[in-house]
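None of these values were measured; they are calculated from a predicted model. Proteins come first, then strands; the chains are lettered A, B, ... in the order of their sequence lines, and each starts at number 1.
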Amino acid sequence: MPELPEVETIRRQMENNLVGRKITDVIVRFGKRLEPAQKKFIEAVRGEKFVGFSRRAKLLMLHLSNKLTIAAHLKMTGKFVLKPHGTEPEKHVHVIFVLDNGQDLWFHDVRKFGYLKIISLEKVEELFKGDEFGPEPLDKKFSLDIFESCIKSRKNKKIKPLLMEPKCIAGIGNIYADEALWHALVRPTRRAGSLKKPELAKLYDGIIVSLTESLKHRGASSENYRDLFDTEGESTNFLHAYNQEKCARCKGAIKRIVIGTRSAHYCPKCQK
DNA sequence: TTTCTTGTTTTCAG
DNA sequence: ACTGAAAACAAGAA
């Protein structure tokens with residue numbers, strides 16, 4: 001499932017490969033997750049050029065020459081993939097953007113949870129301004145102080161679900177919540193208020209380290225994530241807790257539990 | 001047929 | 001009114 005490093009990987013690849021490309025045609029094969037609906041969606045996009053790409057939390061934004069933006073959420077299984085023009089579409093290719101350089105950009109999503117929404121630049125501004133998304137963890141503005149005060153204001157919550165809430169820190173999902181807690185030697189079931197100052201500092205580092213490391217390897221392909229070139233992220237080979245059998249630190253068995261309705265992985269020996 | 005999967009939103013109890 | 005927990009939602013794979 002694409003989280004921050006995976007979405008950012010795709011964004012960078014789009015920035016390097018698709019800026020200035022004209023969308024000569026749009027083919028919709030499944031339109032239920034488009035906004036506005038199919039006909040208006042195609043009208044808004046056809047004939048425009050990609051002028052840039054940005055990301056906020058797990059939202060990927062494709063900016064068009066007509067000042068509109070396609071806001072894409074990949075949810076569990078969504079991906080954007082470049083293919084030579086006319087490649088026979090796979091089963092779950094929902095939208096094909098035909099480009100002017102002999103390539104097709106596929107929007108592919110097995111589970112159909114992901115969506116594409118056309119929004120105005122003002123709406124994009126709103127998203128950046130509002131308080132529904134917390135700070136970007138790789139932004140310089142994400143300081144230890146800000147992180148601490150967020151955690152302290154929600155001291156009765158379990159630390160792992162809190163990490164995954166977008167209001168506190170943007171872009172963290174199941175993988176990197178487990179990884180950050182492993183780095184910090186903290187159990188996912190701990191109440192946020194029970195974390196001591198050094199633990200909070202380690203957790204803050206853990207978030208940044210695990211995201212930065214993963215980004216270096218183009219993300220983790222734990223589900224069926226692929227990058228823009230349909231290639232697996234190599235970060236899957238560098239995970240320490242999530243979906244792992246053995247702890248990378250003490251070689252003990254990783255325990256899998258359920259918190260709420262989500263799985264959590266941790267080392268019972270290392271994480272206190 | 002049932003269970004499992006997830007980010008985000010909605011609902012509900014306290 | 002507020003908080004945290006749980007359920008709901010999108011839908012297909014095994």
Nucleotide [N], atom [atom2] - distance to [atom1] of [X] in whole Å:
X        : N     : atom1 : atom2 : answer
A:Asp109 : B:dT6 : CG    : P     : 15 Å
A:Glu3   : B:dT6 : CD    : C1'   : 9 Å
A:Glu6   : B:dT6 : CD    : C1'   : 13 Å
A:Arg262 : B:dT9 : CZ    : P     : 13 Å
A:Ile172 : B:dT6 : CD1   : P     : 16 Å
A:Asn174 : B:dT5 : CG    : P     : 9 Å
A:Ile259 : B:dG7 : CD1   : P     : 13 Å
A:Arg33  : B:dG7 : CZ    : P     : 15 Å

Check whether any side-chain nitrogen or oxygen of [X] sits under 4.0 Å from OP1 or OP2 of [N], and answer yes or no.
X        : N     : value
A:Tyr242 : B:dT6 : yes
A:Lys75  : C:dC9 : no
A:His73  : B:dG7 : no

Any donor-acceptor pair under 3.5 Å from [X] side chain to [Y] backbone:
X        : Y        : value
A:Glu245 : A:Ala253 : no
A:Arg111 : A:Thr77  : no
A:Arg191 : A:Asn156 : yes
A:Glu199 : A:Ala184 : no

Tabulated below should be each protein N or O lying under 3.5 Å from an N or O of nucleotides 12-14 of chain C; please produce it.
{"unit_1": "C:dG12", "atom_1": "OP1", "unit_2": "A:Lys112", "atom_2": "NZ", "d": "2.3"}
{"unit_1": "C:dG12", "atom_1": "N2", "unit_2": "A:Arg111", "atom_2": "NH2", "d": "3.4"}
{"unit_1": "C:dA13", "atom_1": "OP1", "unit_2": "A:His92", "atom_2": "NE2", "d": "3.2"}

What verdict does the side chain to side chain contact (heavy atoms under 4.5 Å, CB included) test give for A:Lys152 and A:Ser149, after you've listed the backbone C-alpha separation in whole Å, the side-chain angles of each residue and the deciding distance to 0.1 Å? CA-CA 5 Å; A:Lys152 278 177 183 158; A:Ser149 68; 5.7 Å; no

Remember a base hit wins even if backbone is also touched, and classify A:Glu165 as base, sugar-phosphate or nothing at under 4.0 Å, heavy atoms.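 Since no nucleic acid heavy atom lies under 4.0 Å of A:Glu165, the category is nothing.
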
Angle class for the [X]/[Y] ring planes (parallel below 30°, perpendicular above 60°, tilted otherwise)?
X        : Y        : result
A:Tyr204 : A:Phe142 : tilted
A:His94  : A:Phe30  : tilted
A:Phe97  : A:Phe80  : tilted

Does a donor on one side chain and an acceptor on the other come within less than 3.5 Å for A:Lys22 and A:Asn101?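 A:Lys22 vs A:Asn101: no donor-acceptor pair found between side chains.
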
With 3.5 Å as the limit, what N/O pairs link the protein to nucleotides 3-5 of chain C?
{"unit_1": "C:dA5", "atom_1": "OP1", "unit_2": "A:Arg191", "atom_2": "NH1", "d": "2.6"}

Write down the partner of B:dT8 under the Watson-Crick or G-U wobble criteria, each distance required to be under 3.5 Å.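 Check on B:dT8: paired to C:dA8, both distances under 3.5 Å.
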
